[in-house]
2 protein chains.
Amino acid sequence: MPPPPASRSRKAQLIDRTATALFRARGFAATSMRELATELGLEAGSLYSHIKSKEEILHRVCFGLAEEFFAGFGAATADAAAPLAAQLRQAIEAHVRVLTRDSAASAVFLHEWRHLSEPARTEFLALRDRYEAGFRELIRRGIAAGELHAPDAAFAALTLLASLNWLPAWYRPEGKLTPNEIAHRLAEQLMRGLAAGAA
Amino acid sequence: MPPPPASRSRKAQLIDRTATALFRARGFAATSMRELATELGLEAGSLYSHIKSKEEILHRVCFGLAEEFFAGFGAATADAAAPLAAQLRQAIEAHVRVLTRDSAASAVFLHEWRHLSEPARTEFLALRDRYEAGFRELIRRGIAAGELHAPDAAFAALTLLASLNWLPAWYRPEGKLTPNEIAHRLAEQLMRGLAAGAA
DNA sequence: TCTCATTGCTAACACTCGTTAGCAGGCCTA
DNA sequence: TAGGCCTGCTAACGAGTGTTAGCAATGAGA
């Protein structure tokens, strides 16, 4: 007896993963269901035994990844007594780990959410805003506590996340840096820019 | 008698600008010629009195902006005798000025080039690589000269451009910061992260 | 052995896509 | 006044879109 099946069947998960790779490579709108089916060795109509619609896949990818980002941030800031700079560093590394664990899904999360139709699109943007606000608050409090330095917390949060979110554009799993090394280096360099007491 | 017309007619330029805004908002693949025509108060077929194809517009936007970026970088590094940190700062500000002068075209340049068909796509990527290499070299030489500090020049160039290129995602022309103020702040913050002699 | 759900197929529907052909009216120039 | 370009229209082309209906084969559980 196999282990109790995940909430979604193996096949459905495979469809999601393959679709994600295509969405990343060609974009959501430019990816056809027939292309996706061919990639899976199926006919287009057969996909609909497993999924409800094309957009449903995009929805699952975008909101699934949002959940992962929030989980990482939550873990990084769980110890509210820790120094804010340390919490921020952990949050950065957690963010990078999600990005590297599934860079295709991350790229879709970052660029293809525009093709969600309402109300999912608005919902998604609210989630994203909330996540960014988490970083902004961390930096703001870090500055107030004298642990960090930046002329504008919102500005700093924006450029920080920007640096991180470019990662799926160049990250290659087979590259010579491991995800952990990348996370560490990125955190190191970005924390340097925010360190208190620089010239 | 009006001044000698630009190489492209006023109308053709208007089509390009309107198309760019749509490409940015909906993506190239999801923007239809009929939508574009409606936006201009025309019928779809009428567009073809002014343009050759949908992709031709994308081509013009992508390569036109590439030219602007190179021009800015060239001007910023024209004085080879200037300190490398100063050259880098100027290059950053030039980059930001191009991004803010036409943020719609910039967004298209950054995200929609994938829909160029070969050989334009490969050509475009070569240009982009060459531009990134310019920044990389500037940073590399700055480190060698002791003016800058970073564990890895390529890494630093990547995150630097990433921070800048996120700008079209949040920049609003009617915001309270002027393009020059944004350029200055961004340069300030990013140069801080690369300053020599930090802890 | 008889269900019954699963999985996939074929064929088709109702559009939408980018693009072209052919034509009409307006305007400048000769 | 005649000719010709410029601009825009309508209508249509062939191809491709996401999705659905209906059916066949399979394999597991009663």
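So that the names make sense, note that chain A is the first sequence line, chain B the second, and so on, each numbered from 1. Please read these numbers as outputs of a predicted model, since none were measured by experiment.
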- [ ] Using atom CD1 of B:Ile51 as one end and atom P of C:dT20 as the other, report the distance to the nearest whole Å.
- [x] 10 Å
Open item on the list: Under 3.5 Å, is there a donor on one side chain and an acceptor on the other for B:Thr77 and B:Gln90?
Closed with: no
Task: Presence of A:His50 side-chain N/O under 4.0 Å of C:dT6 phosphate oxygens OP1/OP2 - done: no
Task: Nucleotide D:dT20, atom P - distance to CG of A:Leu47 in whole Å - done: 12 Å
Open item on the list: My understanding is that only one of A:Phe69, A:Phe109, A:Phe73, A:Phe70 makes a ring-ring contact (aromatic ring centres under 6.0 Å, His included) with A:His95; could you say which?
Closed with: A:Phe69
Task: Between B:Trp170 and A:Phe155, ring centroids under 6.0 Å - done: yes
TODO: Write down the distance between CE (A:Met33) and P (D:dT20), rounded to a whole number of angstrom.
DONE: 10 Å
Task: Between P of D:dA15 and CD of A:Glu35, the distance in whole Å - done: 18 Å
TODO: Take the protein atom CZ of B:Arg26 and the nucleotide atom P of C:dT16, then report the distance between them rounded to whole Å.
DONE: 15 Å
Open item on the list: Does a side-chain N or O of B:Ser46 approach OP1 or OP2 of D:dT7 to a distance below 4.0 Å, or not?
Closed with: no
Open item on the list: With a 4.0 Å limit, can you tell me whether B:Lys11 has a side-chain N or O closer than that to the phosphate oxygens OP1/OP2 of D:dG8?
Closed with: yes
Open item on the list: With a 4.0 Å limit, can you tell me whether A:Lys54 has a side-chain N or O closer than that to the phosphate oxygens OP1/OP2 of D:dT17?
Closed with: no
Open item on the list: I need the CD-P distance between B:Glu55 and C:dC17, as an integer number of Å.
Closed with: 18 Å
Task: Whole angstrom value for the distance that separates P of C:dG8 from CG of A:Leu14 - done: 10 Å
Task: Close aromatic pair by centroid cut-off 6.0 Å: B:Phe135 and B:Tyr131 - done: yes
- [ ] Check A:Lys54, A:Arg60, A:His59 against A:Glu56 for a side-chain hydrogen bond (donor to acceptor under 3.5 Å, both in side chains) and give me the one that passes.
- [x] A:Arg60
TODO: Would you please confirm or rule out a distance under 4.0 Å between OP1 or OP2 of C:dC17 and any side-chain N or O of B:Ser32?
DONE: yes
Task: Rounded distance (Å) that lies between atom C1' of C:dA24 and atom CD of B:Glu43 - done: 15 Å
Open item on the list: Let me spell it out: for each of B:Leu42 and A:Gly45, pick the nucleotide of DNA chain D with the closest heavy atom. Which residue's pick is nearer the 5' end?
Closed with: B:Leu42
- [ ] Please evaluate the base of C:dG18 for a donor-acceptor partner in the side chain of B:Arg34 within a cut-off of under 3.5 Å?
- [x] yes
Open item on the list: Tell me whether the side-chain N/O atoms of A:Tyr48 come closer than 4.0 Å to OP1 or OP2 in D:dT20.
Closed with: no
